[in-house]
Amino acid sequence: MRILVTGGAGYIGSTAAAMLIERGFEVTVLDDCSTGHIDAVPSGAKFIQGSILDTEVLSTALSGCEAVIHFAAKSLVGESVEKPDLYFDVNVNGTRNLLNQMAILGITKLVFSSTAATYGEPEVIPITEVASTKPTSPYGSTKLAVDQMISKESANGLAAISLRYFNVAGAHKSGTSWLAERHNPETHLIPNLLRATQANPLKLFGTDWPTQDGTPIRDYIHVVDLIDAHILALGALVVGKHQVINLGSGGGYSVSQVIAAAKKVLGREIPTVVTSRRAGDPAVLIADISKAASVLGWKPERDIELMVSDAWEAINASASK
């Protein structure tokens, strides 16, 4: 089976392309490389550089494919506030183009990489798939719009699963190379704490939260566990049905727990500085992942320490090149 991986030159998409090839799938990667990296595309994949906004490029990329795993999107919350039109164009209109071309070519299998940002500020923790969807950013709104679009298409025979998750971490070793986070700017906790120095300490946004250790609790998932779920989703698709499934750690980790894992991996202290809380930050954000267990037969296998150690291995490997 040949799978089209949109956004397959990015951190998550390139890991998906590599793992699919490792498991015997044929892969086509489509990416405009606006944030992705050509050198992250696995050598065994067919690579097409182009945008999901280009229908001709999409048609070419979909040729010979039986299913799509859709990662291509703009994904920075802050940037989405500054550029909402860009996010709507790429995320919503781009997906509309993808669905149209899939329909023309008779491709009915889709796994969509959605986001837990569709839920907004939850009323109940952990968050289930039936929770209210009230996104608080244009990014979350565009992902929700895509989920709703996919639900409508399922009435026409599309078999689809949307996977919603929070924070992805870790790295995947593909051959002799590591596939890891390479964002600019980098906004994620683990890469930033691994690079923290006395001159540039990690900022802790409050240590007086109503949690066990006073720091916020967030849901993390190792990128390999994440892609395992996407591959399992390919086998759980049902014709004419759109399923929404949460992914996560099953319990979450506090900022202090993540820092403790990094101290253990690095064998030294992590320089930190405490600043004030950020407006709108909730104390706890974790997802209920029981549906993933029942529908996909999936559960996370890799803990926060492995997420940190794999990310650290990838950083060291990159620095030694």
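Quick caveat: nothing in here was measured; it's all calculated off a predicted structure. As a basis for the values below, the full set of heavy atoms in this structure was taken, side chains included, without hydrogen atoms, waters or symmetry mates.
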- Message: Is any side-chain heavy atom of Lys241 closer than 4.5 Å to one of Ser154?
- Response: no
- Taking all non-hydrogen atoms of both residues into account, name the closest pair between Arg218 and Ala283 and its distance. NH1-O, 3.4 Å
- Provide the closest heavy-atom pair for Ala311 versus Ile190 in the form atom of the first, atom of the second, distance. CB-CG2, 4.1 Å
- Message: Starting from Ile52, can I reach Ile3 by hopping between I/L/V/M/F/W/Y residues whose side chains sit under 4.5 Å apart?
- Response: no
- Message: With a 6.0 Å cut-off on the ring centroids, do His230 and Phe71 count as close?
- Response: yes
- Query: Is there a path of hydrophobic side-chain contacts, each under 4.5 Å between heavy atoms of I, L, V, M, F, W or Y residues, that connects Val90 with Val57?
  - Reply: no
- Query: Does the side chain of Ser113 come under 3.5 Å of the side chain of His70 through a donor N or O and an acceptor N or O?
  - Reply: no
- Note on the structure: Only residue of Leu30, Val27, Leu4, Leu105 satisfying side-chain contact (heavy atoms from CB on, under 4.5 Å) with Cys65 is Leu4
- Are Ile289 and Val284 connected in the hydrophobic side-chain network, where two residues link if heavy atoms are under 4.5 Å apart? no
- Can you tell if the side chain of Val68 reaches within under 4.5 Å of the side chain of Leu62, non-hydrogen atoms only? yes
- Message: Does the Lys NZ or Arg CZ of Arg278 fall within the cation-pi geometry relative to Phe205 - under 6.0 Å from the ring centre and within 45° of the axis?
- Response: yes
- Drop me the distance from Ile304's CD1 to Lys264's NZ, to the nearest 0.5 angstrom. 13.0 Å
- Message: When you measure from the side chain of Ser318 to the backbone of Ala314, do you find a donor-acceptor pair of N or O atoms at a distance under 3.5 Å?
- Response: no
- Nearest-0.5 Å distance that lies between atom CG in Leu202 and atom CG in Leu194: 10.0 Å
- Item | Arg302 with Asp228: basic N within carboxylate O range, under 4.0 Å | yes
- Task: Start with the C-alpha gap between Asp208 and Arg277, add the side-chain angles, then the distance that decides, and say whether salt bridge (charged side-chain N to carboxylate O under 4.0 Å, His left out) holds.
- Result: CA-CA 9 Å; Asp208 58 348; Arg277 294 186 187 186; 3.1 Å; yes
- Task: Examine the side chains of Glu79 and Tyr87 and answer whether a donor and an acceptor come within less than 3.5 Å of each other.
- Result: yes
- Rounded to the nearest 0.5 Å, what separation is found between the CZ atom of Arg96 and the OG1 atom of Thr55? 13.0 Å
- Query: With hydrophobic residues grouped by side-chain heavy-atom distances under 4.5 Å, do Ile161 and Val5 end up in a single group?
  - Reply: yes
- Begin with the C-alpha distance, continue with both residues' side-chain angles, and end with the deciding distance and a verdict on salt bridge (charged side-chain N to carboxylate O under 4.0 Å, His left out) for Lys83 and Asp89. CA-CA 10 Å; Lys83 303 176 181 179; Asp89 195 29; over 6 Å; no
- Query: Val29 versus Thr6: any side-chain heavy-atom pair under 4.5 Å?
  - Reply: no
- Query: So, do Ile231 and Phe25 sit near enough that their side-chain heavy atoms are less than 4.5 Å apart?
  - Reply: yes
- Item | Flag side-chain contact, heavy atom, 4.5 Å: Leu234 against Leu20 | yes
- Can you find a side-chain donor-acceptor pair between Ser162 and Asp147 that sits under 3.5 Å? yes
- Message: Quick one: does any side-chain atom of Asp219 pair with a main-chain N or O of Ala287 as donor and acceptor, under 3.5 Å?
- Response: yes
- Message: I'd like to know if the side chain of Thr142 pairs up with that of Asn91 as donor and acceptor (distance under 3.5 Å, no hydrogens or angles considered).
- Response: yes
- Rounded to the nearest 0.5 angstrom, the CG-CE distance for Asn167 and Met307 is 9.5 Å
- Task: Work out which heavy atom in Val77 is nearest to a heavy atom in Ser137; give both atom names and the distance.
- Result: CG1-CB, 3.7 Å
- Is a side-chain donor or acceptor of Ser254 paired with a backbone partner of Gln257 at a separation under 3.5 angstrom? yes
- Just wondering, do Leu158 and Met102 contact through their side chains at under 4.5 Å, heavy atoms? yes
- Message: I'd like to know if the side chain of Asn246 reaches the main chain of Ile127, judged simply by a donor and an acceptor atom lying under 3.5 Å from each other, with no hydrogens or angles considered.
- Response: yes
- Query: Near Lys109 NZ, under 6.0 Å, is it more than 12 heavy atoms from other residues, nucleotides or ligands?
  - Reply: no
- Can you tell if the side chain of Met1 reaches within under 4.5 Å of the side chain of Glu26, non-hydrogen atoms only? no
- Task: Could you pull out all residues at least two apart from His37 that satisfy ring pair (Phe, Tyr, Trp, His ring centres under 6.0 Å)?
- Result: none
- Message: So Val224 and Met19, do their side chains get closer than 4.5 Å, heavy atoms only?
- Response: yes
- Message: Between Asp310 and Lys173 (salt bridge meaning N to carboxylate O under 4.0 Å), is one present in this structure?
- Response: no
- How far does CD1 of Ile48 sit from CG of Asp32, to the nearest 0.5 angstrom? 13.0 Å
- Message: Here's one to test your reading of the geometry: is the NZ or CZ of Arg164 within 45 degrees of the ring axis of Tyr119 and under 6.0 Å from its centre?
- Response: yes
- Message: Between Lys263 and Glu305 (salt bridge meaning N to carboxylate O under 4.0 Å), is one present in this structure?
- Response: no
- Task: Following the transitive rule for hydrophobic clusters with a side-chain heavy-atom cut-off under 4.5 Å over Ile, Leu, Val, Met, Phe, Trp and Tyr, establish whether Ile217 and Tyr220 coincide in one cluster.
- Result: no
- Query: Rounded to the nearest 0.5 Å, how far apart are CD1 of Ile270 and CG of Leu193?
  - Reply: 5.5 Å
- Query: Could you give all pairs that pass the ring-ring contact (aromatic ring centres under 6.0 Å, His included) test and reach residues 146-175, with sequence neighbours left out?
  - Reply: none
